[in-house]
Protein chains: 2
Amino acid sequence: MKIILEDLLEELKKNNIRLSHQRLKVLEFLVLNQCHPTADQIYNGLHKEVPTLSKTTVYNTLNSLTEANLVRVINIEDNETRYDINTFNHGHFKCQQCKEIYDFGIDIDSIYTDDLNGFKTTDKNVYFKGVCPKCSNA
Amino acid sequence: MKIILEDLLEELKKNNIRLSHQRLKVLEFLVLNQCHPTADQIYNGLHKEVPTLSKTTVYNTLNSLTEANLVRVINIEDNETRYDINTFNHGHFKCQQCKEIYDFGIDIDSIYTDDLNGFKTTDKNVYFKGVCPKCSNA
DNA sequence: TTTCTAACTTGTAATGATTACAAACTAATA
DNA sequence: TATTAGTTTGTAATCATTACAAGTTAGAAA
Ligand SMILES: [Mn+2]
Ligand SMILES: [Mn+2]
Ligand SMILES: [Zn+2]
Ligand SMILES: [Zn+2]
């Protein structure tokens, strides 16, 4: 499923979020770098191109976009929050060695449990950890 | 599945972790308070009984126990790490309103994906968010 | 039981990610 | 073009967690 910047802008307008220069750049960065970057990586990645950008703005933007369901927050590790422009149904695998986060297809809605009758579920996350093939073979 | 303190002590010995007074108290607290407490809640909960306990020790202990797979770390929210003495196969649901974390039964190993062929998976987590029945009906 | 020592605990200071805040700036509307 | 609510920015504050070094202890060995 390909993510198109124009569609995202449409969504921003729907959510009454102004299309500021900084926000567009953060969004663009997320579309071009679908490696689940941290706020700090986004800030550093944009710094040359947008030297006036402040880290606070990166955080503010990410929080707005999350609020509007345009980005998904990934909390696999306790010491780093990562962000994903891909909000479709998928799971995340973090390699403990190279630290990379891989996407994997999974139909989270097919997970069945009857312990959650009466619960309103708005958010579902599946996080795996281990060692990726690259690191296993090294 | 009931968790028995004696079994845990056996595990500690196997892992060459000394049975210090502080560690036993932290373990006991986790067995008695299976509400997925934070390090701070553990520290405060034990403070009357063990006034000399330091917060550093609580963190050190939790890290040791995690290393030995005696406790499970829960990172649903980016700003709070919670700890679970129950390491059996189950999922977690966090109510956004009352902040409580509920356990739910789920066979995580039955989740199928062929995107992870060649990956060594050591850790699987399923986190849901939403509103619990208590808060829905209030 | 006594001795010994690596492992553990403790308090304090450091770290680092995220947020609060207030002044300056700007997107979007009329 | 003027207006203004929303946005950005830099700095300071917050808060969870870790680093460190000095004192203490669990557990093994004598
Ligand atoms: Mn992803
Ligand atoms: Mn649990
Ligand atoms: Zn790897
Ligand atoms: Zn609730």
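Below, each value reflects all heavy atoms present in this structure, side chains not excepted, and no hydrogens, waters or symmetry copies. Here is how names work: the chains are called A, B, and so on, in the same order as the sequence lines, proteins then strands, and each is numbered from 1.
- Looking only at atom types and distance, the side chain of His36(A) has no donor-acceptor partner in the side chain of Asn86(A) under 3.5 Å away.
- The side chain of Thr81(B) has dT17(D) as its nearest neighbour among dT7(D), dT18(C), dT17(D).
- The closest side-chain heavy-atom distance from Pro37(A) to Phe29(A) is below 4.5 Å.
- Atom CG of Asn16(B) is separated from atom P of dA28(D) by 9 Å (rounded to the nearest Å).
- If you measure from atom CZ of Arg18(B) to atom P of dA6(C), you get 10 Å, rounded to the nearest angstrom.
- Atom CD in Glu77(B) sits roughly 13 Å away from atom P in dT18(C) (whole-Å rounding).
- Residues of residues 44-76 of chain B having a heavy atom closer than 4.0 Å to DNA chain D, listed by number: Thr56(B), Tyr59(B), Asn63(B).
- Shortest non-hydrogen contact noted between Val71(B) and Ile85(B) is CG1-CD1, 4.0 Å.
- Ion pairing between a basic and an acidic side chain is recognised when a charged N comes within 4.0 Å of a carboxylate O; Lys129(B) and Glu77(B) show such pairing.
- Close to dC8(C), at under 4.0 Å from its OP1 or OP2, lies a side-chain N or O of Arg23(B).
- With Thr121(A) contributing its side chain and Asp123(A) its backbone, the two residues share no donor-acceptor pair below 3.5 Å.
- Contact between the side-chain N/O atoms of Gln22(A) and the OP1/OP2 oxygens of dT9(D) is found at a separation under 4.0 Å.
- One N or O on the side chain of Arg72(A) and one on the backbone of Phe88(A) form a donor-acceptor pair closer than 3.5 Å.
- Here the nucleotide nearest the side chain of Ala39(A), chosen from dT8(D), dT18(C), dT17(D), is dT18(C).
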